[in-house]
Amino acid sequence: MSETERISVLTMFQTLKAKTSRLLDPVVQSENLTLLQACVLAHLYRQDAAVGDISELAVMDQANASSLCKKLEREGFLTRTRRAEDRRVVILSLTPKGREAAERLQQRLNHFLELLNDLPTDAKEELLRGYHAANQMLDYLFEQTKGDQNIC
């Protein structure tokens, strides 16, 4: 890989991250949330979930997901209940405040979906293929480097 290609890989990741933040941060900040917190609320809006599910969704370890959810609980967005049949499993549910915030977020995000829907079919398919390819690439890189302490 040439030096130019190395720089472009770093630039690619940073550009995607920066543009995503620039687009979505004002939307989620209107509810005093981070993008990650908003993703959790959006997921719970569809269905209650265990902390482990949120861990997978957020691509973080279970301890960090638990901390994230405890903070959302303290702020009144969700409740945490231990499953009766297995007390180790914590089920998360939205409170009325959390449901209202998730609904407002979805209304704001619907504008982006409408804009994307207006794209020609081939452009939408290309974007979807690009997303899947980038996701596959990141999964591959993660799996290849998992546990490698000498990367950095």
Side-chain angles (χ1 to χ4, degrees), residues 9-10 12-117 119 121 123-152:
V9 168
L10 292 174
M12 175 183 65
F13 288 130
Q14 176 55 35
T15 300
L16 288 172
K17 181 180 175 185
K19 286 185 176 184
T20 300
S21 290
R22 188 171 66 197
L23 183 67
L24 296 178
D25 281 353
V27 174
V28 300
Q29 287 172 358
S30 70
E31 296 294 333
N32 294 315
L33 296 167
T34 67
L35 185 55
L36 188 54
Q37 290 170 329
C39 287
V40 170
L41 294 188
H43 183 77
L44 293 176
Y45 186 74
R46 291 188 304 277
Q47 66 185 28
D48 291 353
V51 172
D53 299 329
I54 298 304
S55 171
E56 288 179 29
L57 170 78
V59 192
M60 62 174 39
D61 65 49
Q62 206 151 349
N64 287 338
S66 183
S67 295
L68 171 72
C69 293
K70 284 177 185 175
K71 181 170 190 212
L72 286 168
E73 181 184 36
R74 280 191 309 272
E75 294 176 4
F77 290 106
L78 60 83
T79 59
R80 298 163 31 91
T81 309
R82 295 213 176 263
R83 188 177 280 165
E85 55 276 5
D86 185 350
R87 305 278 303 153
R88 295 171 298 173
V89 179
V90 176
I91 301 298
L92 309 166
S93 303
L94 289 180
T95 62
K97 176 183 176 178
R99 186 158 294 283
E100 290 168 8
E103 287 172 357
R104 286 189 300 271
L105 286 168
Q106 190 56 56
Q107 287 171 357
R108 290 181 182 107
L109 294 172
N110 280 342
H111 176 67
F112 298 133
L113 294 175
E114 290 167 7
L115 291 171
L116 289 172
N117 197 44
L119 290 172
T121 301
K124 287 187 278 193
E125 290 171 356
E126 187 176 342
L127 285 170
L128 197 53
R129 279 192 307 273
Y131 163 76
H132 287 298
N135 201 33
Q136 265 185 317
M137 175 194 62
L138 291 168
D139 285 345
Y140 171 79
L141 291 173
F142 180 77
E143 286 302 316
Q144 295 301 310
T145 60
K146 188 167 44 175
D148 187 348
Q149 301 299 317
N150 297 320
I151 289 178
C152 298

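With sequence neighbours left out, the side chain to side chain contact (heavy atoms under 4.5 Å, CB included) criterion links Q106 to L109, N110, L113. For R104, the side chain to side chain contact (heavy atoms under 4.5 Å, CB included) partners are E31, E100, A101, R108, not counting sequence neighbours.
Considering all non-hydrogen atoms of both residues, V89 and A50 come closest at CG1-CB, 4.0 Å. Smallest separation of non-hydrogen atoms from A38 and V28: CB-CG1, 3.4 Å. Smallest separation of non-hydrogen atoms from I91 and R83: CD1-NH2, 3.1 Å. When all heavy atoms of S21 and P26 are compared, the closest pair comes out as O-CD, 3.9 Å.
A distance of 6.5 Å separates CG of L127 from CG of L119, quoted to the nearest 0.5 Å. In this structure, the separation between CD on E75 and CG on N32 is 8.0 Å, given to the nearest 0.5 Å. How far NZ of K17 is from CD of Q14: 6.0 Å, rounded to the nearest 0.5 Å. Here the CG atom belonging to L36 is positioned 11.0 Å from the NZ atom belonging to K71, to the nearest 0.5 angstrom. With rounding to the nearest 0.5 Å, the separation of CZ in F112 from CG in N117 is 15.0 Å. Here the straight-line distance linking atom CD1 of I54 with atom CG of L68 works out to 8.0 Å at 0.5 Å rounding.
Pairs passing the salt bridge (Lys or Arg N to Asp or Glu O under 4.0 Å) check and including a residue from residues 45-66, sequence neighbours excluded, do not occur.
Across V40, L94, L44, a single residue satisfies side-chain contact (heavy atoms from CB on, under 4.5 Å) together with L72, and that is V40.
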Begin with the C-alpha distance, continue with both residues' side-chain angles, and end with the deciding distance and a verdict on side chain to side chain contact (heavy atoms under 4.5 Å, CB included) for L33 and F77.
-> CA-CA 10 Å; L33 296 167; F77 290 106; 3.8 Å; yes
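Between E103 and R99, no side-chain nitrogen of the basic residue sits less than 4.0 Å from a carboxylate oxygen of the acidic one, so the salt-bridge criterion is not met.
R80 places a side-chain heavy atom less than 4.5 Å from the side chain of V51. Residues K124 and L116 are not in side-chain contact: their nearest non-hydrogen atoms beyond the backbone lie 4.5 Å or more apart. Counting heavy atoms from C-beta on, the side chains of F142 and V59 never come closer than 4.5 Å.
Put simply, the side chain of S55 never gets that close to the backbone of A65: no donor and acceptor are under 3.5 Å apart.
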